Amino acid sequence: MRMHWDDLPTATRDAVAARTGPIYAATTAETGLNSEIAATLETRAGRIFVKGLRCDHPRVWTQQREATINPHVAPLAPRLLWAIDDGEWNLLAFEHLDGRPADYRPGGDDVPLVAEAIITLSAVRAPADVELKQIEQRLADYLDHPDDAELLRGDTLLHTDWTPSNVLIVDNVARVVDWAWPTRGPAWVDAACWVVWLISAGHSPADAEQWAAKTPAWATATARALDVFATAQQRLWAGIAADAPDIAWKQSLAAAADQWATYRRH
């Protein structure tokens, strides 16, 4: 459940104010699923974005992971300003991006900008000193054969969650936020994840793959690797949708993943 800034303990808010100076206003973010608190704060030095989880939350480790990965993905991602752990709440503060979620619909101006962001990210090697899950580990339950995992090995830093609310258009540039789940894998995987979102937004599978193919890394994926990945996405989203029959966007993503896997099979 998303909380509001004033719902935080006074001591936690005071700890933030000790970093920022007076907080004049707080606006709760309407999008995003990974944080219990996510808000834009108006401070004496300007706007900042703060996100966080309780220290006893089972995913609080993602806070540290996002903080650790930030130097490797800025300026594509907003710059981390500071982190606070007061024993009750773990908070991260980022530069505020005055942007809007990307529009993936066919014919829009945002799709080429997102392709450029994926190209930029595909050149970032996964840092050796940061413990990251590998994409073949994350998809292990959706692979038919252990040998299929070999097709998904790589050393590129991946985002993997290309929901439009994670891609903000700022001054005609796509910036990528919410790095709670950075992953290691081949450079083409982010473009492949994006394909499902493009289909959900109204692209045909063929058109979605044509956009993915504008990223040079796409050409490094074998047809077999893409087939395996598409089938894994189909199974992943089918499970997500089955657990949430009343959530329209999950049903849409499951249908899109099914379209893509079917297209690749035929």
Side-chain angles (χ1 to χ4, degrees), residues 1-103 109-110 113-114 116-117 120-121 124 127 129-130 157 159-182:
M1 295 291 292
R2 180 60 52 80
M3 298 173 59
H4 297 293
W5 183 252
D6 289 341
D7 296 330
L8 289 175
T10 300
T12 300
R13 287 184 280 124
D14 287 347
V16 172
R19 294 287 191 109
T20 66
I23 298 170
Y24 303 122
T27 304
T28 301
E30 296 180 355
T31 59
L33 300 174
N34 290 325
S35 301
E36 292 178 290
I37 186 76
T40 297
L41 306 184
E42 303 279 355
T43 76
R44 183 164 50 200
R47 291 180 177 177
I48 62 172
F49 180 74
V50 175
K51 62 184 293 187
L53 295 167
R54 290 180 177 87
C55 291
D56 61 357
H57 193 284
R59 290 198 315 273
V60 71
W61 62 270
T62 63
Q63 290 278 109
Q64 181 58 45
R65 183 62 47 81
E66 184 162 8
T68 302
I69 211 68
N70 184 259
H72 301 277
V73 294
L76 187 64
R79 183 170 58 92
L80 178 69
L81 303 176
W82 45 258
I84 286 177
D85 186 333
D86 66 0
E88 189 168 357
W89 279 87
N90 186 298
L91 303 178
L92 302 177
F94 295 90
E95 65 172 321
H96 180 265
L97 298 182
D98 188 11
R100 58 171 175 78
D103 184 349
D109 295 333
D110 294 352
L113 303 180
V114 180
E116 286 297 324
T120 299
L121 182 58
V124 180
D129 59 342
V130 179
L157 181 62
H159 185 281
T160 73
D161 186 2
W162 292 89
T163 176
S165 61
N166 281 346
V167 185
L168 301 182
I169 305 301
V170 183
D171 297 329
N172 211 39
V173 174
R175 304 282 297 276
V176 185
V177 304
D178 197 352
W179 285 85
W181 299 91

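Owing to the predicted nature of the structure, the values given are computational and were not obtained by experimental measurement. Start at 1 with the first residue, then count along the sequence.
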Please verify the inter-ring angle class for Phe49 with Phe94; under 30° counts as parallel, over 60° as perpendicular, anything in between as tilted.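 Phe49 and Phe94: tilted rings.
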Only one of Asn166, Val167, Val176, Val177 forms a side chain to side chain contact (heavy atoms under 4.5 Å, CB included) with Asp161, so which one is it?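 Single pass found, and it is Asn166.
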Residue that, paired with Asp103, satisfies side chain to side chain contact (heavy atoms under 4.5 Å, CB included) out of Ile169, Val114, Leu113, Asp110: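 It is Asp110, the one option of Ile169, Val114, Leu113, Asp110 that forms the side chain to side chain contact (heavy atoms under 4.5 Å, CB included) with Asp103.
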Asp7: partners by side chain to side chain donor-acceptor pair (under 3.5 Å), with sequence neighbours left out: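 For Asp7, no residue satisfies side chain to side chain donor-acceptor pair (under 3.5 Å) once neighbours in sequence are set aside.
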Trp61/Trp181 aromatic ring centres below 6.0 Å: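 Distance test on ring centres: under 6.0 Å, yes.
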Hey, are the side chains of [X] and [Y] touching, using non-hydrogen atoms and a 4.5 Å cut-off?
| X | Y | answer |
| --- | --- | --- |
| Val16 | Trp5 | yes |
| Val173 | Glu116 | no |
| Tyr24 | Arg44 | yes |

Above 12 or not: heavy atoms from other molecules or residues under 6.0 Å from CZ of Arg79?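 Count not over threshold, so no.
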To the nearest 0.5 Å, what is the distance between [atom1] on [X] and [atom2] on [Y]?
| X | Y | atom1 | atom2 | answer |
| --- | --- | --- | --- | --- |
| Thr27 | His4 | OG1 | NE2 | 11.0 Å |
| Leu41 | Ile48 | CG | CD1 | 5.0 Å |
| Trp179 | His72 | CH2 | NE2 | 11.0 Å |

So which of Lys51, Arg54, Glu36, Gln63 actually passes side-chain hydrogen bond (donor to acceptor under 3.5 Å, both in side chains) with Asn90?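 Of all the options given, the one that passes is Gln63.
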Apply side-chain contact (heavy atoms from CB on, under 4.5 Å) to Pro75 and list each qualifying residue two or more places apart in sequence or on a separate chain.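 Residues passing side-chain contact (heavy atoms from CB on, under 4.5 Å) with Pro75: none at all.
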Tell me whether Arg47 is salt-bridged to Glu42, with the criterion being a basic N under 4.0 Å from an acidic carboxylate O.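 A salt bridge links Arg47 with Glu42.
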Please check this pair: side chain of Asn70 against backbone of Pro78, looking for a donor-acceptor N/O pair closer than 3.5 Å.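 At least one qualifying donor-acceptor pair exists.
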